[in-house]
Amino acid sequence: MPLALMLGGCDRQTPGAAQPASTPTEQAAATSAATPPSGKIDIANRGAAIPDFTFTDPSGEKLRTLDLKGKPVLINLWATWCGPCVLEMPMLDTLAAKHKDALRVLTVSQDLDAAEKVTTFYAARKFVYLKPWLDPDNNLSFHYNTGVLPTTVLYDAKGREVWRIVGAYDWLGPRTDAMLAETIGAAGG
């Protein structure tokens, strides 16, 4: 994978194997960790309705996106093989803890045949606030059409898109609270 793509996110449109190995190499993770996140904010779809998709977790529990209305939701598309995605996950768990009363953080794996990979990934990292949702057909990825993982989209309580971040992002950095403030309000933590 070209270094520029690895630094900005995982490009699922790159030709090659159907899907890389289930975990990033030590070298890819180290390179991603040493480089500041370069995700870009995109407001071109502001106001668009949350799409109607249903996901499952590894145990078979279902979640329909339209049922998420009523509380702001941050939907993160990620994969176990994507170095920048893997680095974001602990930050997203911390963000979910910080804003647990005002924001739902939903991480949706784009791994093919993901249940075992995602279960192992979550067990090793012991996330407290993130739940392993699966989208093995990549419906959200095709819907958002960014061609990059991670992609993260914020929806307000009415289910309308506020913004999206395409590529890796520092979810614990100083800009995050400012970017979330209007949507989650004073109850956000």
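- The closest side-chain heavy-atom distance from L66 to I50 is below 4.5 Å.
- Relative orientation of the F121 and W78 rings is tilted, given thresholds of 30° and 60° on the angle between their planes.
- The closest side-chain heavy-atom distance from F142 to D135 is not below 4.5 Å.
- Under a 3.5 Å cut-off, the side chain of W163 and the backbone N or O of M179 do form a donor-acceptor pair.
- Across P84 and P150, no two heavy atoms sit closer than the pair CB-CD, 4.0 Å.
- The hydrophobic clustering, which links ILVMFWY residues whose side-chain heavy atoms are closer than 4.5 Å, places I43 and I184 together.
- Residues Y129 and L87 fall into different hydrophobic clusters, defined by Ile, Leu, Val, Met, Phe, Trp and Tyr side chains chained together at heavy-atom separations under 4.5 Å.
- Rounded to the nearest 0.5 Å, atoms CG (D137) and CG (L112) are 8.5 Å apart.
- When every heavy atom of W171 is checked against every heavy atom of M91, the shortest pair comes out as N-SD, 3.7 Å.
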Give the intermediate values and the outcome of side-chain contact (heavy atoms from CB on, under 4.5 Å) for residues Y169 and R175.
CA-CA 10 Å; Y169 188 74; R175 289 185 57 207; 3.4 Å; yes

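- Of the residues L154, L140, T151, the one that meets the side chain to side chain contact (heavy atoms under 4.5 Å, CB included) test with I75 is L140.
- In this structure, the side chains of V73 and L103 stay at 4.5 Å or more apart for every pair of heavy atoms.
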Given side-chain hydrogen bond (donor to acceptor under 3.5 Å, both in side chains), test Y122 with T107 step by step and report yes or no.
CA-CA 11 Å; Y122 270 69; T107 53; 2.6 Å; yes

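- Distance CG/L130 to CG/L95: 9.0 Å, rounded to 0.5 Å.
- A donor-acceptor pair is defined here as one N or O able to donate and one able to accept, closer than 3.5 Å; such a pair exists between the side chain of D93 and the backbone of V128.
- The shortest side-chain heavy-atom distance between P51 and Y155 falls under the 4.5 Å cut-off.
- Considering all non-hydrogen atoms of both residues, L149 and A79 come closest at CD1-CB, 3.9 Å.
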Taking it one step at a time, do T152 and E88 satisfy side-chain contact (heavy atoms from CB on, under 4.5 Å)?
CA-CA 11 Å; T152 307; E88 277 191 344; 4.3 Å; yes

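- The pair K98-D177 counts as a salt bridge, with a side-chain nitrogen and a carboxylate oxygen less than 4.0 angstrom apart.
- The shortest side-chain heavy-atom distance between L63 and L106 falls under the 4.5 Å cut-off.
- A pairwise comparison of heavy atoms in R160 and A49 identifies NH1-CB, 3.0 Å as the closest pair.
- At a threshold of 4.5 Å between non-hydrogen side-chain atoms, the residues D42 and K40 do not count as touching.
- The CZ atom of R125 lies 8.5 Å from the CE atom of M89; values are rounded to the nearest 0.5 Å.
- Going from atom CD of E61 over to atom CG of L134 covers 11.0 Å, rounded to the nearest 0.5 Å.
- We find the CG-NZ distance between D156 and K71 to be 14.5 Å, quoted to the nearest 0.5 Å.
- Taking both residues in full, the closest heavy atoms of Q110 and N138 are given as O-ND2, 2.8 Å, listed atom of the first, atom of the second, then distance.
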For R104 and L74, what are the C-alpha separation, side-chain angles and deciding distance, and is it a side-chain contact (heavy atoms from CB on, under 4.5 Å)?
CA-CA 6 Å; R104 179 160 188 182; L74 187 74; over 6 Å; no

Working for side-chain hydrogen bond (donor to acceptor under 3.5 Å, both in side chains), residues D111 and T80:
CA-CA 7 Å; D111 287 283; T80 58; 2.8 Å; yes

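- Looking at every heavy atom in both residues, Y144 comes nearest to R164 through O-NH1, 3.1 Å.
- The CG atom of L92 sits 8.5 Å away from the CG atom of L172 when rounded to the nearest 0.5 Å.
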